[in-house]
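Counting starts at 1 for both ligands and their atoms, following the listed order. Numbers for residues simply follow the sequence, beginning at 1. These numbers come from the heavy atoms of this one structure, side chains and all, not from hydrogens, waters or symmetry mates.
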Amino acid sequence: MKRLPEHGTPWPELQAELREAGRDDVDWRGGRVPMFIHYAGEDVLDVAKAAYMMYFSENGLGLRAFGSLDRFETEVVQMGLALLNGDDRTRGAMTTGGTESIFLAVKAARDQALARDRHITRPQIVMARSAHPAFDKAAHFMGLEAVRTPLAADFRADPEALAAAVTPDTVMLVGSAPAFPHGVVDPIPQIAAVARERGLWLHVDACVGGYIAPFARQLGATFDDWDFSVPGVTSISADLHKYGYAAKGASTLFFRDAKAFGSMGWAFDGWPRGPYFTHTLVGTRGGGAIASAWAVMKYLGAAGYRRITQRVLDTRVALQKGAAELGLQTMGDPQLSILAYGSPAHDFARIGGGLMKRGWIPGLVTGPDGLHHMLNLTHEPVVGTYLADLAAAMDDAGKGRTTVAAQARY
Ligand SMILES: Cc1ncc(COP(=O)(O)O)c(C=O)c1O
C-alpha cells in the first residue's frame with residue numbers, strides 16, 4: 001500500500017513523473033477517443049486554462065467573498081439563457097457538470113410535485129430509452145423510480161409511449177437535445193404537449209446540445225424546437241464543459257421561472273455556524289471552472305462558436321459519408337455532433353476489437369449494434385485514417401482474424 005511520503009519530492013521530479021504516467025494514455029489530441037474531450041483549438045484551450053489558473057483558489061461557495069465569481073456566473077447564465085430563448089422570467093445557475101444539473105432538476109421537480117400532491121407515494125421520472133443514465137442515478141439517490149419507454153423508428157423519444165407510461169406518481173418527463181446514444185433531438189414540442197396536458201415538469205437534457213444546437217440551427221441544421229421557445233419546457237441542462245469548450249467542471253441549469261428555480265436550492269440553519277444555503281448540490285465550487293466558462297464564451301463569441309460548429313458538423317458529414325461507403329448506415333438523422341452507424345451484417349464487438357488493435361478507443365452502441373462518436377476538432381484531421389482503419393477492422397472481423405472483442409462501455 002502506498003503511504004504519504006514522510007518527506008516531500010521536488011516539483012521537477014514530480015512533473016517528470018506526471019508526464020511519464022500519462023505516456024500510455026490514449027492519444028486524445030490525435031482524435032483516438034470517441035468522446036470525453038471537447039477540443040476547439042489551441043487558442044481556446046489556452047484561454048480556458050489561463051482563466052482557470054487565475055481563479056484557481058477562489059471558491060464559488062463564497063460568492064459574498066468573491067464578487068468576481070458572482071459576476072462571471074451571472075453573466076454566463078444570462079448569455080446561456082439568451083441563447084436558449086429565455087426571457088425576463090427565466091432563471092439559472094452554474095453547476096459542476098451535467099450530472100449535477102440533472103440531479104438538481106430532478107430534485108426541484110420532485111419537491112414541487114410533492115408539495116402540490118401529497119398522494120404521490122413513489123415519484124417517477126418518465127423518459128425514453130436513450131436518455132442519459134444520470135436520471136437513473138438521480139432517481140436512485142433520491143428515492144424516485146425511473147421508467148424508460150421504447151424509441152420510435154427514427155431513434156427519437158416516442159411521445160405516445162411517454163404519455164402512456166405516465167401515472168399519478170409521475171413528477172417529471174424528460175426529452176433530450178440531443179440524446180447521447182444516437183445524437184438525435186427528441187420531438188420536444190410533442191413531449192411538451194403531453195407535459196402541459198398532464199401538468200408535468202418537462203426537463204430538456206441539452207447537456208450536449210446546449211452550446212452547439214443554437215449555432216448549428218443558425219448554420220442550417222434542421223431539428224424541432226427544444227428550448228424555452230417551446231411552451232411546457234420547465235428546465236434545461238446545458239454543459240459548458242462540452243460544447244461550451246470551458247474547463248471541465250462547468251454546466252448550466254436553467255428554469256422557466258423563479259418558482260421552479262427556487263426549488264433547486266437548499267437551506268439549513270440548525271448548527272452553530274449560521275444559515276447555510278447553496279443552490280447547487282456541491283458546496284465548494286472551483287472558481288477556475290466558472291472563470292474559464294466566462295472567458296471562453298467571451299473569447300469566442302457567437303461567431304467563434306459558429307465557426308467551430310461548422311467544422312464539427314462537416315466532420316460528422318464526412319464520417320457519415322465514409323461509413324456509408326463501407327455499407328454502414330447512420331441511425332436516425334443526427335444533425336449535431338454525435339452519430340451512430342451500423343449494419344446488422346457485422347459484429348461490432350469484433351470490429352471494435354480491430355479498432356483497438358489499431359490504437360482507437362471504439363465507442364459502441366447496442367440494440368441495434370454499431371459505432372458511436374461525439375465529435376470535436378481533434379477528429380477533423382483523422383477522418384480518413386479512421387475510415388481506413390475501420391475498413392481494415394471490418395475486413396479482419398469478417399475473416400475471423402480479430403481475437404479481441406470490444407465491449408460497449410461509456
Ligand atoms: C446527454 C447527456 N446528458 C448528461 C450527461 C452527463 O454529463 P456529465 O458527464 O458532465 O455529468 C452527458 C454526458 O455525456 C450527456 O451526454
Side-chain angles (χ1 to χ4, degrees), residues 28 33-39 48 76 80 84 93-107 109 125 127-142 146 148 151 155-157 172-186 188 191 202-214 216 223 226-227 233 235-254 280-282 285-286 289-290 292-293 296 312 316 331-332 334-340 361 363-365 372-376 379 408-410:
W28 67 262
V33 265
M35 55 183 292
F36 305 126
I37 299 290
H38 293 86
Y39 176 78
V76 165
L84 306 189
M94 286 185 71
T95 71
T96 56
T99 300
E100 189 187 359
S101 290
I102 287 169
F103 261 64
L104 290 164
V106 169
K107 176 216 175 284
I125 306 172
M127 60 189 163
R129 220 177 101 66
S130 54
H132 194 271
F135 291 97
D136 301 74
K137 190 175 184 181
H140 180 72
F141 279 39
M142 291 189 273
R148 286 182 176 258
L151 294 177
F155 292 88
R156 301 193 303 160
M172 179 188 255
L173 287 179
V174 173
S176 304
F180 185 70
H182 311 106
V184 290
V185 176
D186 285 338
I188 303 300
I191 301 174
L202 170 58
H203 181 78
V204 175
D205 179 11
C207 281
V208 170
Y211 294 97
I212 190 170
F223 42 82
W226 58 270
D227 59 18
V233 170
S235 55
I236 301 177
S237 46
D239 289 355
L240 292 155
H241 62 198
K242 294 190 172 76
Y243 291 98
Y245 302 115
K248 289 183 180 57
S251 171
T252 36
L253 176 59
F254 301 116
T280 48
L281 181 63
V282 298
R285 292 189 295 151
I290 298 171
S292 161
V296 173
V312 172
R316 190 205 73 234
M331 298 178 195
Q335 293 280 319
L336 298 169
S337 55
I338 292 180
L339 79 164
I361 304 250
L364 297 182
V365 285
H372 176 262
H373 296 262
M374 173 154 67
L375 299 165
N376 65 79
H379 297 112
R409 286 183 60 191
Y410 193 63

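- Looking only at protein heavy atoms, the nearest one to atom 13 (C) of ligand 1 is Tyr410 OH, 2.9 Å.
- From His372, atom NE2 reaches atom NE2 of His182 across 7.5 Å, with rounding to the nearest 0.5 Å.
- Contacts with ligand 1 closer than 4.0 Å are made by no heavy atom of Glu100, backbone or side chain.
- The proximity of Ala134 to ligand 1, defined as any non-hydrogen pair under 4.0 Å, does not occur for either the backbone or the side chain.
- The distance from the CZ atom of Phe254 to the CG atom of Leu84 is 5.5 Å, given to the nearest 0.5 Å.
- Of all protein heavy atoms, the one lying nearest to atom 11 (O) of ligand 1 is Thr99 OG1, 2.5 Å.
- Under a 4.0 Å criterion applied to the non-hydrogen atoms of Asp239, ligand 1 contributes the atoms 7 (O), 10 (O).
- Here Met35 has no heavy atoms under 4.0 Å from ligand 1, in either its backbone or its side chain.
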Asp205/His203 under side-chain contact (heavy atoms from CB on, under 4.5 Å): CA gap, chis, key distance, verdict: CA-CA 6 Å; Asp205 179 11; His203 181 78; 4.3 Å; yes
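- Taking every heavy atom of His241 and a limit of under 4.0 angstrom, the matching atoms of ligand 1 come to 10 (O).
- Distance check: Leu202 CG to Ile188 CD1 gives 6.0 Å after rounding to the nearest 0.5 Å.
- Nearest non-hydrogen protein atom to atom 15 (C) of ligand 1 is His132 CD2, 3.3 Å.
- In this model, no donor atom of one side chain and acceptor atom of the other lie less than 3.5 Å apart for Thr280 and Thr95.
- Among protein heavy atoms, atom 1 (C) of ligand 1 sits closest to Asp205 OD2, 3.3 Å.
- Going from atom OH of Tyr243 over to atom CD1 of Ile212 covers 5.5 Å, rounded to the nearest 0.5 Å.
- Under a 4.0 Å criterion applied to the non-hydrogen atoms of Cys207, ligand 1 contributes the atoms 2 (C), 3 (N), 4 (C).
- Residue Ile191 holds its CD1 atom at 8.0 Å from OG of Ser176, rounded to the nearest 0.5 Å.
- The single protein non-hydrogen atom nearest to atom 7 (O) of ligand 1 is Lys242 NZ, 2.9 Å, given as residue, atom name and distance.
- Checked against Ser101 for a side-chain hydrogen bond (donor to acceptor under 3.5 Å, both in side chains), the options Ser235, Ser237, Ser251 give a single hit: Ser251.
- Atoms of ligand 1 found under 4.0 Å from any heavy atom of Phe180, numbered from 1 in the order shown, are 16 (O).
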